[in-house]
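So that the names make sense, note that chain A is the first sequence line, chain B the second, and so on, each numbered from 1. These numbers come from a predicted model, not from an experiment.
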There are 2 protein chains.
Amino acid sequence: MRKKPTQQRARILVDSLIDAAGEVVARDGLEALTTVRVAARAGVSVGSLYQYFDNKNTLVAALMDRVNGDLIAAVNRVAPQNIGTDPQAFARALLEAAFEVFEARQGLARELMRHWHRLDIARGLHRFEQHMLDLLRGYALAQLREHPVDPSPARAFILINSVVFTLLRYLSQPTPPLFTREQLIDELAAMAARLITAPR
Amino acid sequence: MRKKPTQQRARILVDSLIDAAGEVVARDGLEALTTVRVAARAGVSVGSLYQYFDNKNTLVAALMDRVNGDLIAAVNRVAPQNIGTDPQAFARALLEAAFEVFEARQGLARELMRHWHRLDIARGLHRFEQHMLDLLRGYALAQLREHPVDPSPARAFILINSVVFTLLRYLSQPTPPLFTREQLIDELAAMAARLITAPR
DNA sequence: CCCTATTGCGAATGTTTATTCGCATTCAAT
DNA sequence: ATTGAATGCGAATAAACATTCGCAATAGGG
């Protein structure tokens with residue numbers, strides 16, 4: 001951020017720019033995100049955008065940060081309530097939460113995640129991955145006796161990426177899918193549970 | 001393709017354009033693929049490119065077709081030899097084959113697959129998905145007695161996407177990974193086997 | 001009320017690229 | 001050898017955007 005907003009109106013402006021960016025991405029995709037359009041949608045001028053963001057990527061990064069925050073918040077909300085349940089139920093709860101965030105705001109999170117290879121987005125995904133690893137470790141610790149679980153980096157990596165990208169693909173299908181959302185979640189939860197409880 | 005090449009030299013030109021496109025993508029990524037650069041690398045002019053491709057996307061689609069063909073060929077080469085083995089060995093063989101293709105040509109297939117959401121690439125991925133579903137059905141049929149397997153669309157979808165995208169992510173990591181390639185393949189093969197043999 | 005830092009503006013600039021088109025060259029059939 | 005079709009050329013065109021910059025408006029402390 002080139003300059004940090006000190007006045008109230010400036011802070012509002014920055015917020016509304018991020019909001020507008022989210023709206024544009026949700027409606028027409030990340031490719032359609034242009035600085036002029038974002039500014040217009042926020043009801044300000046391009047020049048003002050560059051007052052607070054070094055360049056377009058910084059804006060995208062800020063948007064990603066926000067969406068990532070939503071994702072982590074959603075997961076954090078359900079995890080504590082389910083830390084005492086068996087692995088499949090635990091996985092299911094997290095999955096439902098993630099699913100909801102991916103569908104919220106016309107699929108904003110989904111559209112952003114699609115572009116995980118972009119530098120400004122990759123950081124967010126990595127942070128989310130890290131957070132999920134921590135969560136998994138917490139669960140493993142809580143369930144040491146009842147449901148011994150292996151939170152090795154390899155398994156956590158596989159788990160997170162398998163789930164996230166399968167969800168992404170499912171939600172991005174243009175044609176009506178061959179199976180229901182329920183089926184997908186069931187199978188994914190079962191797979192996750194088997195993965196983390198499988199013997200070494 | 002605007003016009004189909006009838007003369008020998010034209011067919012060679014088309015081929016060398018696709019080759020060049022692959023080289024550019026492998027070296028500098030899909031973003032760096034410009035028509036002028038491809039033409040230059042192929043030793044021809046942009047005009048000639050447009051003689052045989054309607055637009056840039058058609059060229060990308062042609063490249064994707066070729067890479068997709070490689071992928072399917074690689075899988076077809078190992079599948080018959082392993083159709084009699086247990087699910088984990090079968091999965092492992094296919095995985096190794098896919099891994100190799102993803103690493104070949106400086107990661108050309110990987111770079112293309114990263115952009116699965118692009119229309120010109122999505123078709124290829126979908127065709128590959130379809131092919132893997134067929135393969136899985138063939139395996140299920142061959143192993144009816146020995147290793148009963150469920151090739152339901154939902155499971156096949158999860159299987160393919162989990163494996164492909166986890167591989168992609170693993171191979172795209174900038175930092176040295178926290179676990180070895182062997183570990184990854186082992187875990188993925190085990191996961192795949194558990195997924196398709198799990199009871200309904 | 002005054003003054004200066006902050007904020008806001010948006011037309012203009014510069015770059016990057018896909019795509020075209022009129023002309024030149026080569027092929028291959030007769 | 002002739003000729004029409006196929007091929008090849010690459011400078012020119014046009015559209016899309018990110019980013020800048022000189023100027024205008026506003027805030028809020030003194």
Side-chain angles (χ1 to χ4, degrees), chain A residues 1-25 27-64 111-112 115 118-121, chain B residues 1-25 27-64 111-112 115 118-121:
Chain A
M1 200 163 288
R2 177 163 304 202
K3 203 190 216 169
K4 73 179 162 183
T6 68
Q7 293 180 14
Q8 182 70 13
R9 57 173 177 162
R11 255 167 287 141
I12 288 174
L13 187 148
V14 167
D15 256 5
S16 66
L17 278 171
I18 301 180
D19 283 345
E23 288 167 17
V24 172
V25 170
R27 174 169 299 277
D28 295 332
L30 191 54
E31 335 284 5
L33 189 82
T34 73
T35 52
V36 175
R37 189 167 166 199
V38 168
R41 178 141 202 136
V44 300
S45 95
V46 225
S48 300
L49 190 160
Y50 280 91
Q51 199 86 181
Y52 303 103
F53 296 96
D54 277 332
N55 49 49
K56 198 173 88 160
N57 289 338
T58 341
L59 173 63
V60 173
L63 176 60
M64 180 65 191
E111 175 62 18
L112 284 177
H115 296 82
R118 285 183 49 154
L119 211 54
D120 41 14
I121 307 245
Chain B
M1 198 164 289
R2 175 161 307 202
K3 202 189 219 168
K4 73 179 165 181
T6 66
Q7 294 179 15
Q8 182 69 15
R9 58 174 174 158
R11 255 167 287 142
I12 289 174
L13 186 148
V14 167
D15 256 4
S16 66
L17 277 172
I18 300 180
D19 282 345
E23 288 166 18
V24 171
V25 170
R27 175 170 298 277
D28 294 331
L30 190 55
E31 336 284 7
L33 189 82
T34 71
T35 51
V36 175
R37 189 165 166 200
V38 168
R41 178 142 202 136
V44 301
S45 94
V46 224
S48 299
L49 190 160
Y50 280 92
Q51 200 83 184
Y52 303 104
F53 296 96
D54 276 333
N55 50 48
K56 200 173 87 159
N57 289 338
T58 340
L59 174 63
V60 173
L63 177 60
M64 181 64 192
E111 174 63 16
L112 284 178
H115 296 82
R118 284 182 48 151
L119 211 55
D120 41 14
I121 307 246

[N] [atom2] sits how many Å from [X] [atom1], rounded?
X       : N      : atom1 : atom2 : result
A/Gln7  : C/dT7  : CD    : P     : 5 Å
A/Gln8  : C/dG8  : CD    : P     : 11 Å
A/Leu13 : D/dA27 : CG    : P     : 14 Å
B/Glu31 : C/dT16 : CD    : P     : 16 Å
B/Leu49 : C/dT19 : CG    : P     : 9 Å
A/Arg9  : D/dA27 : CZ    : P     : 6 Å
A/Phe53 : C/dG8  : CZ    : P     : 12 Å
A/Arg11 : C/dG8  : CZ    : P     : 11 Å

Taking the side chain of A/Ser45 as its heavy atoms from C-beta onward, which of C/dG8, C/dC9, C/dT19 lies nearest to it?
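Selected nucleotide: C/dC9.
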A/Lys56 side chain: which of C/dA18, D/dT7, D/dA18 is closest?
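Selected nucleotide: D/dA18.
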pair B/Arg37-B/Asp28: side-chain heavy atoms closer than 4.5 Å
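B/Arg37 reaches B/Asp28 side chain to side chain.
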Is the shortest side-chain heavy-atom distance between B/Leu59 and B/Tyr52 below 4.5 Å?
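No, their side chains stay 4.5 Å or more apart.
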Are any side-chain N or O atoms of A/Asn55 and backbone N or O atoms of A/Thr58, one a donor and one an acceptor, separated by less than 3.5 Å?
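Yes; at least one donor-acceptor contact below 3.5 Å.
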More 5' along DNA chain D: A/Val36 or B/Thr6, using each one's nearest nucleotide?
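Comparing both residues, the 5'-ward one is B/Thr6.
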Atom of A/Leu33, atom of A/Lys56 and distance for their closest heavy-atom approach:
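Result for this residue pair: O-NZ, 2.8 Å.
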Could you check whether A/Leu33 gets within reach of a base, just the sugar-phosphate, or nothing at all, counting any heavy atom under 4.0 Å?
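Counting heavy atoms under 4.0 Å across all strands, the contact made by A/Leu33 is with sugar-phosphate only.
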Categorize A/Thr35 for me: base, sugar-phosphate, or nothing, with a 4.0 angstrom heavy-atom threshold over every strand shown.
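A/Thr35: base contact, heavy atoms under 4.0 Å.
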Closest-nucleotide mapping onto DNA chain C: is A/Val44 or B/Thr34 further toward the 5' terminus? I mean the 5' end.
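The residue whose closest nucleotide sits nearer the 5' end is A/Val44.
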Could you go through residues 41-50 of chain A and list every donor-acceptor pair under 3.5 Å that involves a side-chain atom there, pairing it with any protein atom two or more places apart or in another chain?
unit_1, atom_1, unit_2, atom_2, d
A/Arg41, NE, A/Glu23, OE1, 2.6
A/Arg41, NH2, A/Glu23, OE1, 3.4
A/Ser45, OG, A/Gly47, N, 3.2

D/dG10 phosphate, OP1 or OP2: any side-chain N/O from B/Ser48 under 4.0 angstrom?
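Checking D/dG10 against B/Ser48, no side-chain N or O comes under 4.0 Å of OP1 or OP2.
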Report yes if at least one side-chain N or O of A/Tyr50 is closer than 4.0 Å to OP1 or OP2 of C/dG8; otherwise report no.
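So the side-chain polar atoms of A/Tyr50 never come under 4.0 Å of the phosphate oxygens OP1 or OP2 of C/dG8.
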